[in-house]
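For reference, the structure is listed below as structure tokens.
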Amino acid sequence: MRVESGNGTEVEDNVMHEMPSVEAADVTVAPPRPAANARKVFVKTYGCQMNVYDSERMADALSAEGYLPTDNPDDADLLLLNTCHIREKAAEKVYSELGRIRLLKEARAAEGRTLMVGVAGCVAQAEGREIIRRAPVVDLVIGPQTYHRLPQAIARARDGEKVVETEYAVEDKFDHLPAPDRRTVASRGVTAFLTVQEGCDKFCTFCVVPYTRGSEVSRPVAHIVDEARRLVAGGVREITLLGQNVNAWHGVGADGREWGLGALLRHLAELDGLKRLRYTTSHPRDMDDALIAAHRDLEKLMPYLHLPVQSGSDSVLKAMNRRHTAADYLRLIERIRQARPDIALSGDFIVGFPGETEDDFEATLRLVEEVRYAQAYSFKYSPRPGTPGADRPDHIAEDVKSQRLERLQALLRRQQQQFAEHCVGRTIDVLLEKPGRRAGQLVGRSPWLQPVIIDAKSSQIGDIVRVRISGTGTNSLFGEQF
Ligand code: 5AD
Ligand code: SF4
């Protein structure tokens, strides 16, 4: 999948780490700060919504340094790849992209022009200087915890240094990155991401996130509320709170008490002008009572929950260090459904984790049958260097992984289709987000995150309208305004 996001950033291949696939706002507008002879930056984003958010913050930081965002790589003086390391192919894609960029840089040099190339994100963090060794076209490697040092790093790279900035900063990067500016917010559409938590201390044995994003950090309430206010003032109607382990977020609340995500959502729901709240992605162990109660009580909190389980087999869950059983997960789902009966569930699954037997895999199929997912993401296990899973002696053959993935995906597709068909004939609230492919059409989102296509005027973007669903497409619904 390839989507354009606003403000000179481009998103490629929304593979998620523990995050469902929400397309980035794809409104492309004129850059906010036109100036003669300004330098231009093109940001290409791989991976999850956290990277989409980071790319926007990097673009903001660079625009303060006089770099205007551009949507055209041929126009750019600086190309930044914001990379993802969650599975093998993601890193390989970056290297092949760098091969293409080398040709572009050589063509530029032949015309006497320069092109600076930076690699950011989780591949940058994991590979560090190796990137420059393998792809000498790269001038700058910067990890996700050090983005606030980007302007200085670029100045050093301009002086001819090959810069590698992957040391974790002691200071909180959020404190140093500029808050979203009203003009760029307005250009990015009516939905926005807001990172509230970053990093992970869970150490699932398949996952690189604790190594690339570092340990769990929560942003303070005041910062989050301030950013949410700016977003709403800029026209945003729906905010998705982001974190690798978003439901582990905690902080001292406005009342001086310790808050969890449930209390934070309650507080944000009071913002006038904000119509919808979502959060992603969650770990089953951190779904506490207050968060479940928020789903029961808050009308603005959308009835959609991405709650990855990865496997339905207790022995695989143990080997993955998930620290819960399949039965724990099913009980939790039951409680969430009691609190919010219309909630749509989404999940992530890994097939072919080392040691996974046919019985283990069938336990996953049984769990899926029991839960009935509205949406899900499933992957073949990919050994990540440095993670405990990679060192296991009992890896599963590639063809077995492929076969299992196909069987699981067939089941998940059927469930997704059933969920969509269940919407047909109903009248639902749709937040209109952006123009559709055809003139006169707009695309919005159902409460359950499905894209909904209707005939509507562009002046209605940002409105929540009643829509009667008339049919289903591959990944979307069709309907008429009521
Ligand atoms: N191999 C395959 N899938 C993985 N994920 C994370 N690490 C790996 C890996 N090594 C999947 C998990 C996670 C999602 C975002 O990506 O399902 O929830
Ligand atoms: Fe990775 Fe597990 Fe942390 Fe999710 S909870 S980011 S899968 S280590």
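Every number for a ligand or one of its atoms is a count from 1 in the order of the listing.
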N or O pair under 3.5 Å between Arg384 and ligand 1: no
Asp54 with Arg213: basic N within carboxylate O range, under 4.0 Å: yes
Aromatic ring proximity Phe349/Tyr373, centre distance under 6.0 Å: yes
Does a donor on one side chain and an acceptor on the other come within less than 3.5 Å for Gln416 and Asn475? yes
Note: Pro308, heavy atoms under 4.0 Å from ligand 2, region reported as neither
For ligand 2, which atoms have a heavy atom of Asn245 less than 4.0 angstrom away? 3 (Fe), 5 (S)
Close side-chain approach of Met287 and Leu305, heavy atoms under 4.5 Å: yes
Under 3.5 Å side-chain donor-acceptor pair for Ser311 and Asp360: no
Heavy-atom distances under 4.0 Å decide this one: backbone, side chain, both or neither, for Phe206 against ligand 1? both
Region of Cys200 engaging ligand 2 - heavy atom pairs below 4.0 Å: side chain
Hey, is Asp342 close enough to Arg340 for a salt bridge, meaning N to O under 4.0 Å? yes
Which option, Pro210, Pro284, Cys204, owns the non-hydrogen atom nearest atom 2 (Fe) of ligand 2? Cys204
What part of Arg87, side chain from CB on, backbone N/CA/C/O, both or neither, has a heavy atom under 4.0 Å from ligand 1? side chain
Using a 4.0 Å heavy-atom cut-off, which part of Phe206 comes near ligand 2: side chain, backbone, both, or neither? side chain
Considering both backbone and side-chain atoms of Ser382, is one of its nitrogen or oxygen atoms within less than 3.5 Å of a nitrogen or oxygen in ligand 1? yes
Begin with the C-alpha distance, continue with both residues' side-chain angles, and end with the deciding distance and a verdict on ring pair (Phe, Tyr, Trp, His ring centres under 6.0 Å) for Phe203 and Tyr211. CA-CA 9 Å; Phe203 290 93; Tyr211 310 94; 5.6 Å; yes
For Phe203, the atoms of ligand 2 under 4.0 Å from one of its heavy atoms are 8 (S)
Strictly by modelled atom types, are Tyr95 and Glu127 linked by a side-chain donor-acceptor pair under 3.5 Å? yes
Closer than 2.8 Å to atom 1 (Fe) of ligand 2: does that hold for any N, O or S atom in Cys207? yes
Is the closest heavy-atom distance from Arg322 to ligand 2 below 4.0 Å? yes
Counting from 1 in the order shown, the ligand 2 atoms closer than 4.0 Å to a non-hydrogen atom of His283 are 5 (S)
Subset of ligand 1 atoms that lie under 4.0 Å from at least one heavy atom of Gln310: 12 (C), 13 (C), 17 (O), 18 (O)
Report yes or no: is the cationic atom of Arg57 (NZ for Lys, CZ for Arg) closer than 6.0 Å to the six-membered ring centre of Tyr147, at no more than 45° off its axis? no
